[in-house]
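Below you'll find the structure, written out as structure tokens, and then a few comments.
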Amino acid sequence: MTDATASAPAAGASWLGKLEGKVSWILLGVAGLLLPLLDDSYIGVIAQRAYIYWVLSAGLNLVVGYAGQIAIGWVSMLTLGAYTTAALTAGTATEPWHPYLALIAGGVVGAVAGLVVGLPALRLRTFYFAMTTLGFATIVTQVALAWKSVTGGGVGTPGPVFPWPFDPGWGFYYFCFILAALATWMTANIASSRFGRALVAIRDAEVAAEASGIAKPKLLMAVFLFAGALGGVAGGLFSSLQSYITPDAFTFEISVLFFIAILIGGRGSILGPALGTIILTALPEFAAPLVQWSTFLYAALLLVIVLVIPGGIADLLDYKNRRPLEQHREIAPRQELLGRLLDKSDAKHTIALKDIALHFGGVRAIDGLDLEIRSGEVQGLIGPNGSGKTTTLNVISGYYAPKSGTLMLDGRSLPFGQPHLRARYRIARTFQTPRLVGAASVLENVMIGGTVHGHASFAEATLALPRNRRDEKLLHEAAMQALATVGLENLAGVRADRLQHSELRFMEIARALMLRPAFLMLDEPAAGLSPEEIRRLGSLIKAISREGTGVLLVEHHADLIFDICDHVTVLNLGKVLAAGTPNEIRSHREVVSAYLGA
């Protein structure tokens with residue numbers, strides 16, 4: 001935190017926010033614990049089914065709700081877990097296993113299957129990946145039908161009976177309740193960690209996620225592994241609840257239930273999809289005549305949610321973000337705080353582009369560009385629209401690989417094609433159009449920028465181990481420091497999509513500062529800002545450079561460029577038209593004619 005006056009309100013707001021967020025979970029937990037007092041076995045069975053479905057949906061929520069992957073055929077994990085647990089317990093594949101060990105094996109099989117299903121997600125998107133998951137579910141069902149010696153084929157196989165203390169009846173009820181609570185706790189831990197923030201960044205702002213150093217393949221594989229394991233465990237519980245399982249038990253309607261429960265619950269929420277799963281599980285049971293219409297009802301409910309409440313149940317529960325914000329807000333950066341945020345060093349570093357050429361078909365976006373960005377200096381890059389300015393930033397960021405030329409950092413070549421690796425070299429950037437995770441808070445958006453500074457593993461985050469808690473504390477403090485530096489600390493808890501355009505510009509700079517950058521690339525940061533905001537932005541950028549950071553500023557506001565830049569390069573049609581000090585560029589005849597005007 002920056003000072004006592006800033007930290008006290010923030011700490012108070014954080015404490016109240018945590019308390020408000022836990023009330024709903026406490027009520028659900030108390031209701032689950034006291035439900036056996038009703039002594040109604042029918043309601044108990046419905047509750048068991050809801051808990052089992054939520055164990056699976058809790059993991060699937062990370063895949064669909066957080067990572068944004070359309071995984072419709074996740075019923076395959078339920079199928080695999082059910083048959084693995086049942087077959088091992090019955091001894092149709094090996095010597096009979098103890099039911100609890102067989103349940104663990106079901107989770108392991110689900111984890112492996114989740115990893116296999118997740119591999120196409122690295123290359124396929126949207127409905128193509130959805131078709132892959134549905135195809136896998138079909139394959140699993142056909143194998144279950146054909147492998148009669150193990151699964152019983154179409155006749156089926158008996159499900160396991162778990163012995164004391166979780167024997168059939170209310171003992172098994174509490175077993176399902178405990179595992180559902182455990183799944184909720186683990187997924188909530190992931191969601192509130194740097195891994196959860198990275199998932200929503202991949203979903204809503206993948207380019208910004210890569211610029212923050214987030215490696216999508218590694219993260220998605222961990223999530224698919226975890227979600228598959230929960231699906232396998234849910235399958236083992238399901239096989240016991242059903243008593244006898246056949247391939248007909250794993251219908252497309254169940255898979256649709258899982259998927260729609262997450263969507264109506266709300267993306268990026270744990271509580272919303274949990275409530276959605278409970279509602280969709282209980283609804284057909286209490287409206288028996290409607291069971292045949294369940295798929296239609298699910299689709300109708302989804303349509304109503306999309307049209308009336310696009311954010312789902314989670315938006316209804318998020319009353320804090322319906323409170324009006326203060327009007328006529330002013331952004332007042334506190335550049336004196338930069339010294340606490342950035343790693344100031346006397347060491348000099350240089351990014352050098354030499355004879356860079358990049359063509360898109362017959363269009364020469366960059367044609368023989370030479371450019372240097374030095375520590376402690378502001379390098380301006382200007383030119384008409386289409387002159388290659390943003391393309392240059394994309395080359396430096398690793399998004400584009402040039403046709404020829406070299407890109408060097410302190411004399412070492414920088415690789416292309418892996419933009420997430422730029423964060424390791426402390427190269428940060430902002431974007432022409434602000435890239436934000438709209439449903440996340442301003443604080444969470446800024447914390448995404450420090451993802452690479454975390455040390456805890458995915459498993460440590462899942463179990464909320466000390467190193468993960470230490471990571472979160474440090475990231476939270478650094479993010480509040482960055483927000484105070486750009487003048488947005490009072491908006492830390494507000495959803496990012498409620499901010500004004502100018503505030504989003506400064507929020508992006510705060511996110512980039514989380515990387516403690518040696519080099520900062522700004523793509524038209526003054527676009528849409530008022531004259532006073534541009535003046536304050538210029539002072540902030542200059543102060544960042546004085547801390548030893550090399551800044552590359554792409555901008556159309558010529559006055560800002562000439563006021564704060566040490567060197568200016570002018571591009572036209574991908575070529576360098578002129579390069580020099582601001583005074584030299586001001587008086588350059590060709591620059592005045594082609595860009596600045598008379």
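Given the structure is predicted, the values throughout are model-derived calculations rather than measurements. Here, residue 1 is the first one in the sequence, and each next residue gets the next number.
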**Asked** Would E508 and R511 pass as an ion pair if we require N to O under 4.0 Å?
**Response**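 Salt bridge between E508 and R511, a charged N being under 4.0 Å from a carboxylate O: yes.
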**Request:** Verify the distance criterion only: is there a donor paired with an acceptor across the side chains of R429 and N394 at less than 3.5 Å?
**Result:**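 The criterion, which ignores hydrogens and geometry beyond distance, is satisfied for N394 and R429.
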Counting C-beta onward and ignoring hydrogens, is there a side-chain heavy-atom pair between [X] and [Y] closer than 4.5 Å?
X: T85; Y: V233; value: no
X: I427; Y: L414; value: yes
X: R435; Y: E206; value: no
X: L280; Y: F258; value: no
X: I72; Y: F252; value: yes
X: F416; Y: V395; value: yes

Between [X] and [Y] (side chain of the first, backbone of the second, donor and acceptor by atom type, cut-off under 3.5 Å), is there such a pair?
X: Y173; Y: L35; value: no
X: H453; Y: M514; value: yes
X: E472; Y: R194; value: yes

Write down the atom of [X], the atom of [Y], and the distance for their closest heavy-atom approach.
X: M507; Y: A496; result: SD-CB, 4.1 Å
X: T92; Y: V150; result: OG1-O, 2.9 Å
X: L225; Y: L115; result: CD1-CB, 4.2 Å
X: S212; Y: G449; result: OG-CA, 3.9 Å
X: A440; Y: N445; result: O-ND2, 3.5 Å

Once you round to the nearest 0.5 Å, how far does [atom1] of [X] lie from [atom2] of [Y]?
X: W185; Y: L463; atom1: CH2; atom2: CG; result: 5.0 Å
X: L219; Y: H420; atom1: CG; atom2: NE2; result: 11.5 Å
X: L28; Y: I278; atom1: CG; atom2: CD1; result: 5.5 Å
X: H98; Y: L103; atom1: NE2; atom2: CG; result: 11.5 Å
X: S192; Y: R197; atom1: OG; atom2: CZ; result: 8.0 Å
X: L257; Y: I279; atom1: CG; atom2: CD1; result: 11.0 Å

**Asked** Taking everything shown except W147 itself, do over 12 heavy atoms lie less than 6.0 Å from its CH2?
**Response**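 Not buried by this count: 12 neighbours or fewer within 6.0 Å.
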**Request:** Taking side-chain hydrogen bond (donor to acceptor under 3.5 Å, both in side chains) as the test, write out the residues that go with T132, two or more places apart.
**Result:**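 side-chain hydrogen bond (donor to acceptor under 3.5 Å, both in side chains) check on T132 returns nothing, list empty.
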**Item:** Criterion side-chain contact (heavy atoms from CB on, under 4.5 Å) against I245, the qualifying member of S240, P158, S239
**Value:**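 Testing I245 for a side-chain contact (heavy atoms from CB on, under 4.5 Å) against S240, P158, S239 leaves exactly one candidate, S239.
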**Prompt:** L37 pairs by side-chain contact (heavy atoms from CB on, under 4.5 Å) with which of L34, L33, D40?
**Reply:**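 Testing L37 for a side-chain contact (heavy atoms from CB on, under 4.5 Å) against L34, L33, D40 leaves exactly one candidate, L34.
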**Asked** Do the rings of F250 and Y83 sit parallel, tilted or perpendicular, given the 30° and 60° boundaries?
**Response**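 It falls in the tilted class, 30° to 60°.
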**Message:** Quick one, W54 with T281, criterion side chain to side chain contact (heavy atoms under 4.5 Å, CB included). Give me CA distance, side-chain angles, the key distance, then yes/no.
**Reply:** CA-CA 10 Å; W54 172 241; T281 304; over 6 Å; no
**Request:** State which residues pass side-chain contact (heavy atoms from CB on, under 4.5 Å) with A71; sequence neighbours excluded, sorted by chain then number.
**Result:**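 Result, side-chain contact (heavy atoms from CB on, under 4.5 Å) vs A71: L60, V63, V64, W74, F129, T133.
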